[in-house]
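As the structure is a prediction and not an experimental result, all values here were calculated from the model. Side chains included, hydrogens not; waters and symmetry mates left out as well; all remaining heavy atoms used. So you know, we letter chains A, B, ... as the sequences are listed, proteins then strands, and number each from 1.
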Amino acid sequence: MEVAMITKVLFFAYFIVLICISILAYMKRKNAKNFQEEYYVGGRSFGPWLVAFVWATSWTSGGTFIGTPSVYYSYGWTTILWQAGAAILGICGMLMIGRRISRFAATHNCLTLPDLFVERFQSRTMGVVAALSIIVFGVAYIVSQYTAATRIIETFFGFDYTTALILFAAVTAIYTIIGGIRGVAYNALVQGVIMLGGSVIIAVIMVREAGGLAAITQAQLEIDPMLLVPPGPDNYLPLATGFSTFFTLGVAVMAQPHVITRVFSVKDVKSLKRAGALISIICMIWFFALFLSAQAARALIPSIEVSDQIFPTIVLTYCGKYLAGILMCAPFAAVMSTVSSLTMVCSSALIKDIYQRTSKEEVSPDKIKKITYGVTLVLAAVVVVLSLNPPAFLQDIVMFAINGFAASFTIPIVFGFFWKGATPTGGLVSMVSGFLVLIGLYVLPVPTNLLGFNPLIWALVISSIVMVVVSRYTKKQKDVFLAELFQ
Amino acid sequence: MDKKSSHYELCLKEFKICGILTMAYILICCLLCGIFGYGLSGTEATFILGIPAWAVIGVFIPWIIMVVITTIYGLFIMEGDEE
């Protein structure tokens, strides 16, 4: 597809803006007394708008603007049920556990999710196991995002895959390293506004182009009547699977390390409450707009060779060259915000949760700073190398990573902070068992969606049972510690 | 009542309220979609403002209500602004 020069210029200008914002963030953070607290959690000083946008943009990745419209386009109206878990993102990710987690993290100086487990369960082993899970799933997730972004750059600038990959990696690494989480957050605010505005504009244009909602559904009826009713074409979403997606795309958010650590950066409860409300509203607008755009796209473009290209196709076809340049930043913004959050989480897992925790000597603040920058750079380089031969089925990798995090961490978080009876051994074994059940259902010769339910549901059930049973028969922590935490 | 015990009890209360709201939302959506959507053939679909009726009743309306509840709860009901 031919892309106008002005479209490319506007798209390229977006990179420049990101780097400038990161430099601004660097100027603000460079004199911070505690480097790591500032670098990873912004000194716990973020207000509601920053928290809401960095949270929401960390959760929504390239999949939201590329893979998800592809699903909406291909399977029709049943996919709004598939997406309906987004209504509970604000309540599950922020309001349900936010006060408890943010207060605990602040009083125990937690900067990462593994820190949370180490401090709650007084178990270094849990911290290291959690850090290793984060690195494995996180790197896989980042590789899928790098690949998605690289393909967008390939389309837009006509670069070959390797050049596009290095360009993307360089921009993301620069703004993540320079700005830290503050840079990520400021950029997330800009990116979030682009994503919000962009998705609404595209929806309005597309629905108008298609002649309104009634015309859209009439056209879909003629293409395939199953586009209008569940379970959708090819029995896409049986009800049991639909029930499961409320957990995979809703409840699972509370255990995503790159999202829950945003709760650590909240400055006060008032900001947390407002952020929860904002997240709900932002996500509703995003997903409604993208969904309606995709339904209109199906009416206007009844078939497309590669459904993943539906979003770039409708932007370039229907939005004019000026608007297209800005709107194509939206999926890019979604990818970059998730990549930068995940990069921060993986770098902190390596440095704080593995290196510092296992090092026998105290490491000086200056050395920590240098190591942090170095590791973040090396991590970006490793991901570039892995992305040179990109895996197929990117969206499957994203879902696997999300489920992996949720299967491993949800039960230790929920039981750990709301049940006094949870023991360190119970926490560790439930973490590992959740992970193993998920892997087992994917790898073993049994139906992955056992009885129609996503593997995550089974992982959560087994992990919960294991937590309760193992905790009952293993050593509890000291009464003084538990009394302070649960009084 | 000392401050720390009220903090944990408050967090636990919030967890329970949010948990109940979440499960109620999930079950209501699944129930309404099951009743009004599953089992229909596409040619039997009815529409509200051009949108399949099962989607309006089973997803869009519950979703909007959930967002309103979250906003009201978060902005006006949750306690502890001074923390």
Do [X] and [Y] touch side chain to side chain, with heavy atoms closer than 4.5 Å?
| X | Y | answer |
| --- | --- | --- |
| B/Y8 | A/R100 | yes |
| A/L213 | B/L49 | no |
| B/Y25 | A/I91 | no |
| B/F47 | A/Q218 | no |
| B/P52 | A/V229 | no |
| B/E14 | A/L95 | no |
| A/R274 | B/L75 | yes |
| B/Y38 | A/L81 | yes |

A/S280 (side chain) donor-acceptor with B/V67 (main chain) under 3.5 angstrom: no
Can you say whether [X] sits under 4.5 Å from chain A via the side chain, the backbone, both, or neither, judging by heavy atoms?
| X | answer |
| --- | --- |
| B/I72 | neither |
| B/W54 | side chain |
| B/S41 | backbone |

Heavy-atom proximity to chain B below 4.5 Å, by part of [X]:
| X | value |
| --- | --- |
| A/Q220 | neither |
| A/L485 | backbone |
| A/A86 | both |
| A/F287 | side chain |
| A/I97 | side chain |
| A/L239 | both |

Nearest 0.5 Å, what's the CG-CE distance between B/L40 and A/M226? 9.0 Å
Who wins among B/L27, B/T22, B/T43 for the most heavy-atom pairs under 4.5 Å with chain A? B/T22
Ranked by heavy-atom pairs below 4.5 Å to chain B, first place among A/L237, A/L89, A/L272 goes to A/L237
Let's test your reading of the structure: which of A/A275, A/A483, A/P238 forms the most heavy-atom pairs below 4.5 Å with chain B? A/P238
If you check every heavy atom in residues 241-248 of chain A against those of chain B, which residues fall under 4.5 Å? A/F243, A/F246, A/F247
Mutual orientation of the aromatic rings belonging to A/F418 and B/F15 [parallel < 30°, tilted 30-60°, perpendicular > 60°]: parallel
